[in-house]
S.K.: 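After the structure tokens below, expect a handful of questions from me.
Only heavy atoms go into these numbers, but all of them, side chains included; no hydrogens, no water, no symmetry mates. Counting convention: from 1, in listed order, for ligands and their atoms alike.
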Amino acid sequence: MEKVNLVFGTVYGSAQFVAETLTDKIAELDFTANLLQPADLTGYVPSEDELLIVVTSTTGQGDLPDDIAQWFSELKSVAPYLPKLQYSIIGLGDSSYETFCGAAKQFDELLSELGAKKLTETLEIDACETMEPETEAIQWIPAWHAAVQSLAS
Ligand SMILES: Cc1cc2nc3c(=O)[nH]c(=O)nc-3n(C[C@H](O)[C@H](O)[C@H](O)COP(=O)(O)O)c2cc1C
């Protein structure tokens with residue numbers, strides 16, 4: 001059974017709730033879904049034969065939430081080469097900021113610098129458009145699942 005690791009960065013809890021919801025829904029699809037807590041991230045290097053989903057909100061002016069910022073810096077400085085890693089990113093943000101989903105964009109850039117491959121286009125969830133980001137995330141799952149299946153074929 002294929003394993004999916006989910007990490008989240010949040011200030012107010014929405015991205016965590018989205019990540020928890022996705023973990024449950026993805027587990028129903030017969031994946032082993034593993035939700036990492038911020039405390040689990042120290043020293044964590046994503047396994048290249050497992051899938052990675054990063055769910056992060058943006059704070060400040062395009063900044064990463066504190067609970068994921070340290071891991072981001074660590075990955076950047078250790079710079080593991082991860083050419084076989086397949087990742088997806090879900091950003092929570094607010095389009096009234098010029099730095100819309102800036103944290104998600106930073107993650108995308110970093111993972112691509114590390115050689116990892118983006119499995120799906122980043123899903124950017126706009127707080128101006130929805131009060132229920134988890135609903136958009138659930139609707140995104142079929143596209144993600146199809147992309148995973150196309151890897152195998
Ligand atoms: C102080 C503050 C700064 C924010 N800065 C940004 C930003 O730069 N870009 C953006 O897209 N959203 C920004 N947001 C919006 C949040 O990312 C958005 O509300 C998100 O849904 C919060 O998710 P969370 O509960 O997981 O932290 C900001 C929100 C606050 C309160």
S.K.: Going by the angle between their ring planes, with limits at 30° and 60°, are Phe31 and Trp144 parallel, tilted or perpendicular?
M.R.: tilted
S.K.: Where is the tightest heavy-atom contact between Thr10 and Asp67, given as atom of each residue plus distance?
M.R.: N-OD1, 3.0 Å
S.K.: Heavy-atom contact under 4.0 Å between Gly13 and ligand 1?
M.R.: yes
S.K.: Would you sort out whether Ile53 and Leu51 count as a side-chain contact (heavy atoms from CB on, under 4.5 Å), showing the intermediate values?
M.R.: CA-CA 7 Å; Ile53 301 178; Leu51 300 159; 5.8 Å; no
S.K.: Would you tell me whether Gln70 and Glu74 have side-chain atoms, one donor and one acceptor, within less than 3.5 Å of each other?
M.R.: no
S.K.: Please report which non-hydrogen protein atom sits nearest to atom 21 (O) of ligand 1, along with the residue it belongs to and the distance in Å to one decimal place.
M.R.: Leu92 CB, 3.9 Å
S.K.: Please check whether Thr58 reaches ligand 1 - meaning an N/O of the residue sits under 3.5 Å from an N/O of the ligand, judged on distance alone.
M.R.: yes
S.K.: Return the residue, atom name and 0.1 Å-rounded distance of the protein heavy atom closest to atom 26 (O) of ligand 1.
M.R.: Thr10 OG1, 2.6 Å
S.K.: What protein heavy atom lies closest to atom 25 (O) of ligand 1? Include the residue and the distance to one decimal.
M.R.: Ser14 N, 2.9 Å
S.K.: Below 4.0 angstrom, N of the basic side chain to O of the carboxylate: do Lys84 and Asp49 qualify?
M.R.: no
S.K.: For atom 5 (N) of ligand 1, what is the nearest protein heavy atom, given as residue, atom name and distance?
M.R.: Gly60 O, 2.8 Å
S.K.: Which residue holds the protein heavy atom closest to atom 10 (C) of ligand 1, what is that atom called, and what is the gap in Å?
M.R.: Asp94 N, 3.5 Å
S.K.: Would you call Pro65 a ligand 1 contact, heavy-atom distance under 4.0 Å?
M.R.: no
S.K.: Below the 3.5 angstrom mark, is there an N/O of Ala127, backbone or side chain, next to an N/O of ligand 1?
M.R.: no
S.K.: List the closest protein heavy-atom neighbour of atom 2 (C) of ligand 1: residue, atom name, distance to the nearest 0.1 Å.
M.R.: Tyr97 OH, 3.4 Å
S.K.: Nearest to atom 9 (N) of ligand 1, what protein heavy atom do you find, and at what distance?
M.R.: Thr99 O, 2.9 Å
S.K.: Going by distance only, is there an N or O of Gly62 that falls short of 3.5 Å from an N or O of ligand 1?
M.R.: yes
S.K.: Return a yes/no value for Cys101: is any of its N or O atoms, backbone included, closer than 3.5 angstrom to an N or O of ligand 1?
M.R.: yes
S.K.: Could you list which atoms of ligand 1 come closer than 4.0 Å to a heavy atom of Gln61?
M.R.: 8 (O)
S.K.: Looking at Lys117 and Pro83, would you say the former's side chain and the latter's main chain have a donor-acceptor pair under 3.5 Å?
M.R.: yes
S.K.: Side chains of Thr130 and Thr135, heavy atoms from C-beta outward: is any pair under 4.5 Å?
M.R.: no
S.K.: Just need the protein heavy atom nearest to atom 22 (C) of ligand 1, so name the residue and atom and give the distance.
M.R.: Ser57 CB, 3.7 Å
S.K.: Hydrophobic cluster membership, with links at side-chain heavy-atom distances under 4.5 Å among I/L/V/M/F/W/Y: are Leu75 and Val55 in one?
M.R.: no
S.K.: Please check: side-chain N/O of Asp126 versus main-chain N/O of Ser95, any donor-acceptor pairing under 3.5 Å?
M.R.: yes
S.K.: Can you name the atoms of ligand 1, numbered from 1 with element, that are less than 4.0 Å from a heavy atom of Gly93?
M.R.: 10 (C), 11 (O), 12 (N), 17 (O)
S.K.: Is any side-chain heavy atom of Lys118 closer than 4.5 Å to a side-chain heavy atom of Leu111?
M.R.: no
